[in-house]
Participant: 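Okay, handing you the structure first.
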Amino acid sequence: LPGQLIGVATGSTAEDFAREAGLRFRTFPHIDESVAALTAGRIAAIVGDAPVLEYFQHTNADVPVDVVGPLFERDKYGFGVDLRSPLLRPLTIELLAAKENDLIEELRTTYFGEGP
């Protein structure tokens with residue numbers, strides 16, 4: 001990617017990464033706009049959150065793009081809940097059950113397709 005113009009989401013960690021890595025980049029407010037720039041040849045690649053890119057690819061199979069390459073940085077996502085919230089315990093229990101019952105994997109496959 002060095003020397004190539006890439007697309008990133010406005011205000012994203014990908015924008016921070018591109019800036020810190022000294023990459024040439026253009027920001028886009030929405031994934032659809034960055035994909036349009038990619039397919040039109042105005043940018044060479046899109047750098048962004050893997051789940052966002054994988055979901056776009058999975059739900060737009062007719063668009064000639066593919067998610068490739070290694071992850072640059074691993075980030076984790078989570079739920080923020082006030083420790084005094086009455087939702088804390090039920091949410092924790094439901095998430096643990098979803099993991100144990102393979103619901104998390106089923107959702108991943110449904111929304112992101114088969115993959116690693």
Participant: Using the rule that Ile, Leu, Val, Met, Phe, Trp and Tyr join whenever any side-chain heavy atoms are under 4.5 Å apart, tell me whether Leu83 and Leu87 fall into a single cluster.
Facilitator: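 No, separate clusters.
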Participant: Please determine whether residues Leu23 and Leu5 belong to a single hydrophobic cluster, defined as Ile, Leu, Val, Met, Phe, Trp and Tyr linked transitively by side-chain heavy-atom distances below 4.5 Å.
Facilitator: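 No, Leu23 does not connect to Leu5 through the hydrophobic network.
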Participant: Could you tell me if the side chain of Lys99 sits less than 4.5 Å from the side chain of Leu95, heavy atoms only?
Facilitator: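 Counting from C-beta outward, Leu95 and Lys99 never come under 4.5 Å.
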Participant: If I compare all heavy atoms of Ala18 with all of Val8, which pair ends up nearest, and what's the gap?
Facilitator: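 So the minimum-distance heavy-atom pair works out to CB-CG1, 4.3 Å.
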Participant: Return the CD1 to OG1 distance between Ile104 and Thr109, rounded to the nearest 0.5 Å.
Facilitator: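 Here the rounded value is 11.5 Å.
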Participant: Can you tell me if Asp49 uses its side chain to pair, donor with acceptor, with the backbone of Pro51 under 3.5 Å?
Facilitator: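 Looks like no, no N/O pair under 3.5 Å.
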Participant: Would a distance-only check, ignoring hydrogens and angles, find a side-chain to backbone donor-acceptor pair under 3.5 Å from His58 to Leu53?
Facilitator: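 Side chain of His58 to backbone of Leu53: no pair is present.
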Participant: How long is the gap from CG on Leu38 to CD on Glu33, to the nearest 0.5 Å?
Facilitator: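 So the gap between those two atoms works out to 14.0 Å.
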Participant: Roughly how far, to the nearest 0.5 Å, is the CD atom of Glu105 from the CG atom of Leu107?
Facilitator: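 Between atom CG of Leu107 and atom CD of Glu105 there are 9.5 Å.
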Participant: For the hydrophobic clusters of this structure (ILVMFWY residues joined by side-chain heavy atoms under 4.5 Å, transitively), does one cluster hold both Ile31 and Val65?
Facilitator: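 Cluster IDs for Ile31 and Val65 match.
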Participant: Taking Glu106 for its side chain and Asp102 for its backbone only, find out whether a donor-acceptor pair lies under 3.5 Å.
Facilitator: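 No; judged by distance alone, with no hydrogens or angles, the pair does not exist.
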Participant: Closest approach of Pro86 and Pro90, non-hydrogen atoms and distance?
Facilitator: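 Distance-wise, the nearest heavy atoms are O-CD, 3.2 Å.
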Participant: Going by heavy atoms in the side chains, are Val35 and Ile46 under 4.5 Å from each other?
Facilitator: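 Yes, their side chains come closer than 4.5 Å.
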Participant: How would you list all residue pairs meeting ring-ring contact (aromatic ring centres under 6.0 Å, His included) that involve residues 2-55, not counting sequence neighbours?
Facilitator: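 Qualifying pairs: Phe17-Phe72.
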Participant: What are the two closest non-hydrogen atoms of Gly48 and Ala14, and how far apart are they?
Facilitator: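 Scanning both residues, the minimum pair turns out to be CA-CB, 3.9 Å.
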Participant: Hey, could you give me the CD/CG distance between Gln57 and Asp66, rounded to the nearest 0.5 Å?
Facilitator: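 Result: 4.5 Å between the selected atoms.
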Participant: Assess the residue pair Ile6 and Arg24 against the criterion (side chain to side chain contact (heavy atoms under 4.5 Å, CB included)); give the C-alpha distance rounded to whole Å, side-chain angles, the decisive distance to 0.1 Å, and a yes or no.
Facilitator: CA-CA 6 Å; Ile6 62 168; Arg24 291 181 50 227; over 6 Å; no
Participant: How long is the gap from CD on Glu20 to OG1 on Thr13, to the nearest 0.5 Å?
Facilitator: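 With rounding to 0.5 Å, CD (Glu20) is 10.0 Å from OG1 (Thr13).
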Participant: Closest heavy-atom contact between Pro29 and Thr10?
Facilitator: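 Shortest heavy-atom contact: N-OG1, 3.5 Å.
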Participant: Carefully, step by step, assess Val67 and Phe56 under the rule side chain to side chain contact (heavy atoms under 4.5 Å, CB included).
Facilitator: CA-CA 10 Å; Val67 178; Phe56 181 89; over 6 Å; no
